[in-house]
Protein chains: 2
Amino acid sequence: MPTLADVGKAAGVSRGTVSNVFNRPELVRPELRQRVEAAARALGFGGPDPKGRLLRDGKFNAIGFMPPGAYAIAEVMRSPYGRELVLGVSLACDEAGTTLSLVNGTDNTRFASIREALVDGFILGHSGDIGLITSAQRRRLPFVILESDAGPDINSIKIDGRRGAVAAVRHLTGLGHRHFAILSIRRTPGPPIVHMPGQAKRPLLAGFSLDDERLDGFKQGLAEANLSIDDVPIIETTPGDPSAGAVVFDSVPEATAILTMSDWQAITILDEAVCRGIEVPGHVSVIGFDGTAESARTTPPLTTVAQDVIGKGRLAARMVLDNQPPRQVVLPVELVVRASTAAPRAKIR
Amino acid sequence: MPTLADVGKAAGVSRGTVSNVFNRPELVRPELRQRVEAAARALGFGGPDPKGRLLRDGKFNAIGFMPPGAYAIAEVMRSPYGRELVLGVSLACDEAGTTLSLVNGTDNTRFASIREALVDGFILGHSGDIGLITSAQRRRLPFVILESDAGPDINSIKIDGRRGAVAAVRHLTGLGHRHFAILSIRRTPGPPIVHMPGQAKRPLLAGFSLDDERLDGFKQGLAEANLSIDDVPIIETTPGDPSAGAVVFDSVPEATAILTMSDWQAITILDEAVCRGIEVPGHVSVIGFDGTAESARTTPPLTTVAQDVIGKGRLAARMVLDNQPPRQVVLPVELVVRASTAAPRAKIR
DNA sequence: CAAAATTCTTGGAGCGCTCCAAAAAATGGT
DNA sequence: ACCATTTTTTGGAGCGCTCCAAGAATTTTG
């Protein structure tokens, strides 16, 4: 690869002049400029290498997005929530003329990824791993963490998951439902885990504040209707796991209402329901979470606990870009009632 | 920001030793290592700055994705096609442990973006602008261009758009349709442009080979049924423009079949049809393009010219990552018949 | 036509790091 | 105690660039 100096030598000028030809052409005499340009072309020099400049002035002009938990970028792109989040971030990046780096990192390389990412700041998806946060702090770059409790010195944005979960349950108990199943999020790869009532070690408080809050909200909502979450089966599934629906219907056939933690999970249920000829909301009500665009397009359209995912992504990017003193933002949620929920039938299928 | 040298001074060791502490800790005596680590902590040094390393060994470990045409990243993320494409790319990036940079660039900054992007190679969305390609070549990094004719020295991947378009028309004419409307892609911002038959300057051969090929395929398909594309209204709309449907129904009320260039456009039509009480496929048949996941979830599910978008993205990333001699890949398409197309009713609404 | 003003070009310094050959320190063997 | 090994640490070189003060060339002015 030729460098500025090589071109300079070929054209009989100095490094600095060649740099000027490319960066401030108005500073160099037209005739000389042409000579330099010709030399550059002859050598196949395509302009100053950004690496050099980078070291000199130190801005990457990029922000990084690190997927939540231990997910890969592709898993984010697959999930309706993840896509809208990235869309929101990209909106802010577009405005700011910044590159958006989707930073990869498997479980064991996440720390290295944070240390090495070529970015001016980053957005961390939620994580139960406190180590990631200290790792991010060490880098001394502005960053924001999503859906995690991270204390007052750290930028964070989360939704009011508890309130959303309560609202979901109230809606359903108000409709007359008494038999629930909860679809919770499995945070490790693997098949669905079914926690039936009475079993030891139910997955409350697993360390992910996102999940814990919602579960806690479900608990509260159920309690308000004199129901105990301890009597409700909880199924942990990996987001997008297509077998989720089958497992739910097989292990909790008596449920008339299914609470989920994401639209994606709810959609999975809807798909399986179609396969089995189970009617939604006739036989069973399903409620999503997030209020993604997809939730409005399903058949039937999903009742869901909506949040402004795009706005959240955009805000996250802005916080990183603006680099103000740390804030902890809690975004509101709103129950959007559509057609996937209705009163239970007197007799169950 | 403290540097290796600062930490070294504080700990009474050399730059090189500090570097070793962070990169090859096994090389340095435990006791010394601890001293250095303590000094680093005291100074708030969070590890070697990646900028320095970068200049030294020159790999960004990232590939760039530059949106097609003059679109912003957010526009890519919004479109079903764009999302799947990025998903495919991210899949390959995950496997390779590479960062995916979504490179921003408005019309006037695209060249600069290519020149400056901190990537080891890139994927260019289709473009009518040959300048972009030379600009990319100058950078002398592996790159691939999507859906464009770029000659034999350049990596490119495209689908067989002509064949797909022909198949779409055949399907419809086979069903008995004789009255068409074509939804083509407007490549500049702005409202839909309606080209009625007989008007001058119809938008065939607009310079985007993607569009041109499909239009040409439509033409051929129509010709096979003794129909002329010159008699078919063509409406150019910006992808995702919600007014597209209204414009089509208003300006071509006699059409019994609507050909589009993307699922997204077709979905727009479906939405508008619902608003107007127009039945699909009862009153009008609609055919999509791309075969994205969304196309299977609409009501009714879309008949569409399907391609393997995810596979395309993945292949593109692989080509960049592998840096082999240039190839020109043409991917097959397949007409997926679903429920948005049917024989026209005898009498039009 | 020399001096002053202006325009253009130069090359040193330095960005922070890693590599590596060589020096220094520690260890081991006799 | 001494020399040969082995283990640790050192610091120069260099990655490619931009900035900038200073020097060179050119143009303007009196």
Side-chain angles (χ1 to χ4, degrees), chain A residues 1-40 43-61 112 115-120 138-141, chain B residues 1-40 43-61 112 115-120 138-141:
Chain A
M1 279 282 107
T3 70
L4 280 184
D6 298 333
V7 176
K9 206 174 305 166
V13 297
S14 78
R15 206 164 80 267
T17 300
V18 183
S19 172
N20 283 338
V21 168
F22 283 92
N23 296 313
R24 272 127 62 185
E26 72 283 0
L27 281 189
V28 16
R29 201 154 30 97
E31 173 220 317
L32 227 206
R33 190 189 334 169
Q34 269 157 32
R35 204 166 85 219
V36 172
E37 277 162 355
L43 287 173
F45 177 80
D49 186 330
K51 280 195 280 291
R53 188 207 320 288
L54 200 59
L55 184 51
R56 188 94 216 331
D57 28 308
K59 286 281 283 178
F60 292 105
N61 264 308
R115 243 182 21 231
E116 318 257 276
L118 306 177
V119 298
D120 304 317
R138 247 202 288 284
R139 183 80 192 269
R140 301 179 135 226
L141 250 30
Chain B
M1 278 282 108
T3 70
L4 280 184
D6 298 332
V7 176
K9 204 174 307 162
V13 297
S14 78
R15 207 164 77 266
T17 301
V18 183
S19 172
N20 282 339
V21 167
F22 283 92
N23 296 312
R24 273 127 63 183
E26 71 284 0
L27 280 190
V28 15
R29 201 154 33 93
E31 173 220 313
L32 226 207
R33 190 189 334 167
Q34 270 156 30
R35 205 167 83 218
V36 172
E37 277 162 354
L43 287 173
F45 177 81
D49 186 330
K51 279 196 282 289
R53 188 207 321 289
L54 199 60
L55 183 52
R56 188 95 215 331
D57 31 308
K59 286 281 282 179
F60 292 104
N61 265 308
R115 243 181 23 230
E116 317 256 277
L118 306 177
V119 299
D120 304 317
R138 246 203 289 284
R139 182 80 191 269
R140 299 178 138 228
L141 251 27

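Below, chains carry the letters A, B, ... as their sequence lines are ordered, and counting in each starts from 1.
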Item to complete: Starting from the C-alpha separation in whole Å, work towards a yes-or-no answer on ring-ring contact (aromatic ring centres under 6.0 Å, His included) for B:Phe22 and B:Phe45.
Response: CA-CA 11 Å; B:Phe22 283 92; B:Phe45 177 81; 5.4 Å; yes
Fill in: Degree of bending in the helix from C:dC1-D:dG30 to C:dT30-D:dA1 once both end axes are built from five pairs, to 10°
40°
Response to the item:
Taken to the nearest 0.5 Å, the spacing of A:Leu118 CG from A:Phe60 CZ works out to 5.0 Å
Item to complete: Write down the distance between CG (A:Leu55) and P (C:dA13), rounded to a whole number of angstrom.
Response: 17 Å
Item to complete: Scan residues 31-40 of chain A for pairs that pass side-chain hydrogen bond (donor to acceptor under 3.5 Å, both in side chains), counting only residues two or more places apart or in two chains.
Response: A:Arg29-A:Glu31
Item to complete: Taking side chain to side chain donor-acceptor pair (under 3.5 Å) as the test, write out the residues that go with B:Asp57, two or more places apart.
Response: none
Worksheet item: From A:Arg140 CZ over to B:Asp49 CG, what is the distance, rounded to the nearest 0.5 angstrom?
Response: 12.5 Å
Worksheet entry | Polar side-chain atom of B:Asp6 near backbone of B:Thr3 as donor-acceptor pair, under 3.5 Å | yes
Worksheet item: So, is A:Ser14 close to the C:dG11 phosphate, meaning a side-chain N or O under 4.0 Å from OP1 or OP2?
Response: no
Item to complete: Return the set of residues passing side chain to side chain donor-acceptor pair (under 3.5 Å) with B:Arg53 (not counting sequence neighbours), or none when no residue passes.
Response: A:Glu116
Worksheet entry | Atom-pair distance (CG on A:Leu27; P on D:dA24), nearest Å | 20 Å
Worksheet item: Atom CG in B:Leu54, atom CG in A:Leu55: separation rounded to 0.5 Å?
Response: 8.5 Å
Worksheet, complete the sentence: From CG of A:Leu118 across to P of C:dC15 the rounded distance in Å is 20 Å
Could you go through nucleotides 17-19 of chain D and list every protein N or O atom that sits under 3.5 Å from one of its N or O atoms, giving the distance for each pair?
{"residue": "D:dC17", "atom": "OP1", "partner": "A:Asp49", "partner atom": "N", "Å": "2.7"}
{"residue": "D:dC17", "atom": "OP2", "partner": "A:Leu4", "partner atom": "N", "Å": "2.6"}
{"residue": "D:dT18", "atom": "OP1", "partner": "A:Asn23", "partner atom": "ND2", "Å": "2.7"}
{"residue": "D:dT18", "atom": "OP1", "partner": "A:Arg53", "partner atom": "NH1", "Å": "2.8"}
{"residue": "D:dT18", "atom": "OP2", "partner": "A:Ser19", "partner atom": "OG", "Å": "2.7"}
{"residue": "D:dT18", "atom": "OP2", "partner": "A:Asn23", "partner atom": "ND2", "Å": "3.4"}
{"residue": "D:dT18", "atom": "O2", "partner": "A:Arg56", "partner atom": "NE", "Å": "3.1"}
{"residue": "D:dT18", "atom": "O4", "partner": "A:Arg15", "partner atom": "NE", "Å": "3.3"}
{"residue": "D:dT18", "atom": "O4", "partner": "A:Arg15", "partner atom": "NH2", "Å": "3.1"}
{"residue": "D:dC19", "atom": "OP2", "partner": "A:Arg24", "partner atom": "NH1", "Å": "2.8"}
{"residue": "D:dC19", "atom": "O4'", "partner": "A:Arg56", "partner atom": "NH1", "Å": "3.4"}

Item to complete: With a 4.0 Å heavy-atom cut-off, tell me which residues in residues 28-35 of chain A come close to DNA chain D, sorted by residue number.
Response: none
Worksheet item: Given A:Val28 and A:Val36, is the side-chain contact (heavy atoms from CB on, under 4.5 Å) satisfied, shown in steps?
Response: CA-CA 10 Å; A:Val28 16; A:Val36 172; 5.8 Å; no
Worksheet item: Which value, rounded to the nearest 0.5 Å, describes the distance between B:Asn20 atom CG and B:Glu26 atom CD?
Response: 8.5 Å
